[in-house]
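Taking it in order: structure first as structure tokens, then the write-up.
Values in this document were obtained by computation on a predicted structure and should not be read as measured data.
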Amino acid sequence: MAKDRNRFVCQACGAVFPKWQGRCDACGEWNTLQEEAAPVARGPGPAARAGGGKRVAFVGLEGETAPPPRIPTGLAELDRVLGGGLVPASAVLVGGDPGIGKSTILLQAAARIAGSGRRALYISGEEAVAQVRLRALRLGLEGAPLALAAATALRDIAASLEDEDEAALVVIDSIQTLWLDALDSAPGTVAQVRACAAELIRLAKSRGFALVLVGHVTKEGMLAGPRVLEHMVDATLYFEGDRGHQFRILRAVKNRFGATDEIGVFEMTERGLVEVPNPSALFLAERRGNVAGSAVFAGIEGTRPVLVEVQALLAPSAGGSPRRQVVGWDAGRLAMLMAVLEARCGMTLGMNDVYLNIAGGLRIAEPAADLAVAAALVSAATDRPTDPGTVYFGEVGLSGEIRQVAQAEARLREAQKLGFAGAVLPRRLARGGRAPIALDGLQLAEIGHIADLVAPFAAKAERRPPARERGPAAKAKAEA
């Protein structure tokens, strides 16, 4: 009989190796391999060999299926991200940087669900019950009928949940702190996280309660542990934002019961996380309209139109290698846009340090932001501000063409609602007899090439007086 041998498992991606090595060949991470006991191989049982399995029934695609019931959390922004609320017998994974507000928002949601008459359980593996009570006191939730517990042993938690018949919500904070004594590995390893999550999800499906797991993140911002954990749950939510910033963005990257890439916007205050029903107005609240290098982007996050400010700054490079610093956008896409502006419009940007920022802490991933970023770059390069009452959206191709983007009307209506007077957007093509978008009080400038965006700034720059003629003397001369 072959002797059982231990194996080495990468804690970043879950790859298995027969011996230890410094670098994981699967994901490229260093010093992530840990020794674990090899699982005991078991062959098929007598029932399987005898063919005693039950036949699976197959049904057609047609049929009437009612939408899943929802448990409202009492936080409208959280319900929006979840697709309308928590679904019974579902599992949700919440990740984010330390101190960004994961435990705070889940404690608020659990307290409101408990206050509505449903039974909610909050199990903490990182803090004692007294620490959770102090947070609840600070948030003004000390009177909520929420059941608290501090435990890390999975057997004890499973035995307690087996006796719960009326639980509607169970929060585990966090999954990396739980351990199963049947495994020799330490808490937080791939084997422990996978086994504990599988057992808790089985309990949620069998007992009918909504399960919320809090997950740690790595230094790159990804959820720690095996990626299979994200496949096991029904929804994965990420908290975005800087701890030093007041805004928090809760984004759904996976949701079996709702839209993906949906966002909820919160503001961190002394009383916890407060919902922001109109994030566009909040993101633009501190905007100064007469500054070069600024443009307003009309974007779509999930099903919600959001207006954010794109800021660009160009400065002469002091060294031989210019810097490219990007916050909230893709650095590779910035390099592509700069190359298009240089090749198709004759602009000289390569010898400057370029800094790009999406104000408010929001991360933009859709290509529709190309036109707004290009407008901010051209404005910064020519030192001419954009029109403060104009929004921009559109995708830029390598040949300089401006391509169509989805949900143009929703973007324009959001801009109109916030008082903007104009929009620069891709030229619409006549397809299927669609009527053109016409909104009262909103002037649309449709362009087909990136040169059409650059031309007005170049004309303003040509009309601008030389540097020695600018300032108070030039102003007095013009008035004379």
Ion pair present between [X] and [Y], side-chain N to carboxylate O less than 4.0 angstrom?
X      : Y      : answer
Arg207 : Asp165 : yes
Glu77  : Arg304 : yes
Asp234 : Lys205 : yes

Could you give me the CA-CA distance, side-chain angles and deciding distance for Val9 and Gln34, then say whether side-chain contact (heavy atoms from CB on, under 4.5 Å) is met? CA-CA 5 Å; Val9 182; Gln34 291 189 11; over 6 Å; no

Leu121 vs Val171, side-chain contact (heavy atoms from CB on, under 4.5 Å): CA-CA, chis, key distance, verdict: CA-CA 6 Å; Leu121 311 178; Val171 177; over 6 Å; no

Which residue pairs satisfy the side chain to side chain donor-acceptor pair (under 3.5 Å) criterion with at least one member in [range], sequence neighbours excluded?
range            : value
residues 263-282 : Ser280-Glu414
residues 109-121 : Arg119-Glu164
residues 79-95   : Thr73-Asp79

Would you call [X] and [Y] a side-chain contact if the rule is heavy atoms closer than 4.5 Å?
X      : Y      : value
Val310 : Val296 : no
Ile402 : Arg427 : no
Ile263 : Val306 : yes
Leu107 : Leu146 : yes
Leu86  : Leu169 : yes
Asn255 : Val81  : no
Leu161 : Val170 : yes
Phe266 : Ile249 : no

With sequence neighbours left out, write down each residue that passes side-chain contact (heavy atoms from CB on, under 4.5 Å) with Pro69, or none if nothing qualifies.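 Pro69 satisfies side-chain contact (heavy atoms from CB on, under 4.5 Å) with Pro88 once adjacent residues are dropped.
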
Applying side-chain contact (heavy atoms from CB on, under 4.5 Å), can you list everything that pairs with Ser174, at least two apart in sequence or on another chain?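 With neighbours one apart ignored, the set is Glu126, Gln176, Thr177, Val214, His216.
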
Within this structure, what is the [atom1]-[atom2] distance for the pair [X] and [Y], rounded to the nearest 0.5 Å?
X      : Y      : atom1 : atom2 : result
Ile123 : Ile172 : CD1   : CD1   : 4.0 Å
Leu78  : Leu273 : CG    : CG    : 10.0 Å
Phe297 : Phe393 : CZ    : CZ    : 9.0 Å
Leu203 : Ile157 : CG    : CD1   : 10.0 Å
Thr104 : Phe239 : OG1   : CZ    : 8.0 Å
Thr189 : Arg194 : OG1   : CZ    : 9.0 Å

Tell me, please, which residues at least two apart from Phe283 pass ring-ring contact (aromatic ring centres under 6.0 Å, His included). Phe247

Using every non-hydrogen atom in the two residues, find where [X] and [Y] come nearest and quote the distance to one decimal.
X      : Y      : answer
Leu183 : Ala195 : CD1-CB, 3.8 Å
Ala168 : Ile71  : O-CD1, 3.7 Å
Leu33  : Cys24  : CD1-CB, 3.9 Å
Leu371 : Val396 : N-CG2, 4.2 Å

Counting only heavy atoms not in [X], do more than 12 sit closer than 6.0 Å to its [atom1] atom?
X      : atom1 : answer
Leu137 : CG    : yes
Arg256 : CZ    : yes
Gln21  : CD    : yes

Under the 3.5 angstrom rule, does the side chain of [X] hit a backbone N or O of [Y] as a donor-acceptor pair?
X      : Y      : result
Arg248 : Ile100 : yes
Asp370 : Glu395 : no
Lys254 : Val233 : yes
Gln192 : Ser185 : yes

Could you go through the side-chain contact (heavy atoms from CB on, under 4.5 Å) check for Leu337 and Trp329 one step at a time? CA-CA 12 Å; Leu337 270 180; Trp329 206 51; 3.6 Å; yes

Not counting sequence neighbours, which residues clear salt bridge (Lys or Arg N to Asp or Glu O under 4.0 Å) with [X]? List them please.
X      : result
Asp163 : none
Arg23  : none
Glu127 : Arg135
Arg202 : Glu162, Glu199

Please assess Leu444 against Arg428 for the test side-chain contact (heavy atoms from CB on, under 4.5 Å), listing each intermediate value before the final yes or no. CA-CA 11 Å; Leu444 305 182; Arg428 294 188 299 276; 4.0 Å; yes

Going by distance alone, is a donor N or O of one side chain under 3.5 Å from an acceptor N or O of the other, for Glu262 and Thr303? yes

Side-chain donor-acceptor pair present, Asp173, Ser103, cut-off under 3.5 Å: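 Asp173 vs Ser103: donor-acceptor pair found between side chains.
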
Which pairs with one or both residues in residues 179-190 pass salt bridge (charged side-chain N to carboxylate O under 4.0 Å, His left out), sequence neighbours excluded?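 Checked against salt bridge (charged side-chain N to carboxylate O under 4.0 Å, His left out) - neighbours excluded - the pairs reaching residues 179-190 are Arg155-Asp181.
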
Can you list, pair by pair, the side-chain donor-acceptor contacts under 3.5 Å of residues 359-366, counting residues two or more places apart and other chains?
residue: Glu366; atom: OE1; partner: Arg411; partner atom: NH2; Å: 3.1
residue: Glu366; atom: OE2; partner: Ile300; partner atom: N; Å: 2.8
residue: Glu366; atom: OE2; partner: Arg411; partner atom: NH1; Å: 3.3

